Participant: 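Got a structure for you, written out below as structure tokens; questions coming shortly.
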Amino acid sequence: MLDEIIALAKRRGFIYPGSEIYGGLGGMWDYGPLGSQLKKNLKDWWWEDMVIKHDDIVGIDAAIMMNPKAWEASGHVEAFTDPLVECKTCHRRFREDKKGEIQAHEQEHKKKNESIEWTASQKFNLLVKSYLGVIEGKQSEIFLRGEITNGVHVNFKNVINSTRIKIPFGIAQIGKAFRNEITPGNFTFRSREFEQMEVQFYIPPQEEEAMRWFEYWKKDRMDWYIKLGLNPEKLRFRDHSDAERAHYARMATDIEYEAPWGWDEFMGIHHRGNWDLSRHMQYSGQDLRYKNLETGEEYIPFDIETSAGVDRSLLFLLCDAYKKEERRIVLKLHPRLAPYKVAVFPLVANKAELVGKAQEIYHSLQKNAWPVAWDDRGNIGKRYFAQDEIGTPFCITVDYQSLEDQTVTVRDRDTMKQERVAIPQLIEYLNQ
Ligand code: ATP
């Protein structure tokens, strides 16, 4: 099924292989006209629910390139450059010298009757290096961020000082991250350039509080993906074992989806303790403690992080929406996510009055900011199927009756039922 989705994504302009005319570049993908709109709809929805609708969460947009010290502080330079072996089954990496962890990991796979094979030991540097500066020989080496999290932590004080926000509060961010993944694959699932959407939620440094917020965000995020239309039966939590938890995490749970290749992670909820802020305090020499102005108490807060992949979320939304019916392929995307909300057709292309009226409707929808498609090729049935395949929820057809009584047919993607709607009522009908 994944092959079919990859083919559809390319054919209809959702996702193309990156720099394809040059033979591609491993782990890179380009989003086409429909894919970029779908991605934008997903991110806008996330931002609306996380930032706009929350009093206690603000957004930022930090630079991709950071002072290299930030990556030493975050632990990535160290964690990402030791000689490591990677498990070919689940892509987790372990330091070669941590034999106990490796054995424990092998046991976990064995318990589930899964095969286990390791890559050769190598110094993996997961951080992508670049050079900043124009004078050859005087350039400084920097990293493209390997996760977007640290752009938030280094701005913790700036956000506190420039807003009136008080703990508990969150900082949200959406942005690109880069990783030298050694085994990119499963379409966009493991890419070398990808996007994340995250909230770092700062709370008082108490384990009880941490538990409460950890559970809160787990539920909140699961509910959100169900609201987006993902089949709840294909969603589950998976707690990280001690051996697999990242260097910064005290508690970690993934939300997994049952992908065509098996259950796999597309977002994580992590209790990061005060790891990040205390490390940035240590490496920057700046005081990053939070001061409770009412009690005078000062502390380094804990951080409960929710970190989701935009590309993985989008991929799973596509997999979940993809339905093969007897006569058609249909993407049952939530209408809010669908790239086009509506398509407009004249019944036939060679009748000027029909085309004129259909154009009028098309332009009036467009002026009202409705993402609308136009099609006048082939027969109506084929046009319906072409829209089903890209998830357009409604198709409007202008026929001969439209010229007489100012009504059109509106066809529903999921039920394939048609209703006659008066043209002046169209926008209200679609809104509903
Ligand atoms: P994995 O174990 O699959 O490598 P991870 O545990 O390293 O992922 P995190 O560091 O927790 O991932 O990143 C948070 C989210 O960012 C992931 O849940 C995923 O959605 C996304 N992500 C991470 N790496 C990639 C990648 N190479 N390609 C696409 N998305 C990614």
Side-chain angles (χ1 to χ4, degrees), residues 15 18 25-31 35 39 42-43 46 71 74-76 79-80 84-94 105 108-109 119 124-128 144-152 172-200 217-218 221-222 224-225 228 230 235-241 243-257 259 261-272 275-276 303-319:
I15 302 168
L25 180 64
M28 298 291 174
W29 298 93
D30 296 338
Y31 288 78
K39 200 179 188 193
L42 173 65
K43 290 191 286 181
W46 185 91
W71 296 110
S74 71
H76 284 86
F80 283 12
L84 304 174
V85 289
E86 182 170 300
C87 166
K88 285 187 174 174
T89 308
C90 68
H91 305 288
R92 306 229 166 258
R93 300 200 179 95
F94 295 85
H105 188 72
E108 275 185 35
H109 280 301
T119 61
F124 289 120
N125 196 340
L126 214 67
L127 289 172
V128 177
L144 305 187
R145 62 185 177 196
E147 57 168 36
I148 64 171
T149 321
N150 282 283
V152 168
Q173 182 172 223
I174 301 179
K176 292 256 183 174
F178 305 81
R179 289 184 194 175
N180 266 322
E181 299 279 5
I182 44 163
T183 47
N186 284 333
F187 198 19
T188 57
F189 180 81
R190 189 171 303 283
S191 310
R192 292 194 168 113
E193 173 174 339
F194 55 95
E195 230 171 332
Q196 295 181 308
M197 34 193 194
E198 294 190 346
V199 171
Q200 307 303 321
W217 283 113
K218 268 174 72 175
R221 291 298 82 201
M222 181 63 98
W224 193 72
Y225 280 101
L228 261 57
L230 285 181
L235 290 170
R236 72 173 188 196
F237 291 115
R238 195 183 66 83
D239 294 336
H240 282 203
S241 64
E244 66 182 301
R245 243 187 341 259
H247 60 274
Y248 51 76
R250 296 192 186 190
M251 269 195 310
T253 300
D254 292 336
I255 301 187
E256 294 191 331
Y257 177 80
W261 59 90
W263 290 93
D264 225 333
E265 158 193 355
F266 65 100
M267 81 157 295
I269 299 106
H270 309 126
H271 168 12
R272 293 176 79 117
W275 161 266
D276 304 87
D303 168 33
I304 306 296
E305 163 189 72
T306 64
S307 172
V310 175
D311 311 80
R312 287 190 190 176
S313 300
L314 189 147
L315 175 59
F316 291 160
L317 285 161
L318 279 181
C319 292

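All ligand and atom numbering here is 1-based and tracks the order in the structure. Side chains included, hydrogens not; waters and symmetry mates left out as well; all remaining heavy atoms used. These numbers were taken from a predicted model, which means no experiment stands behind them.
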Participant: With distance as the sole test, does Gln196 use its side chain to make a donor-acceptor pair with the main-chain N or O of Ile148 at under 3.5 Å?
Facilitator: yes
Participant: Measure from the side-chain N and O atoms of Arg145 to the backbone N and O of Lys176, and report whether any donor-acceptor pair falls under 3.5 Å.
Facilitator: yes
Participant: Does Arg238 make a cation-pi contact with Trp263, if we ask for NZ or CZ under 6.0 Å from the ring centre and within 45° of the axis?
Facilitator: no
Participant: Name the residues with a heavy atom less than 4.0 Å from ligand 1?
Facilitator: Arg92, Arg179, Glu181, Thr188, Phe189, Arg190, Ser191, Phe194, Gln196, Glu265, Phe266, Met267, His270, Ser307, Gly309, Arg312
Participant: Less than 4.0 Å between a side-chain N and a carboxylate O, is that true for Arg93 and Glu86?
Facilitator: yes
Participant: Going by the angle between their ring planes, with limits at 30° and 60°, are Phe266 and Phe316 parallel, tilted or perpendicular?
Facilitator: perpendicular
Participant: Taking the six-membered ring for Trp, are Phe194 and Trp29 closer than 6.0 Å centroid to centroid?
Facilitator: no
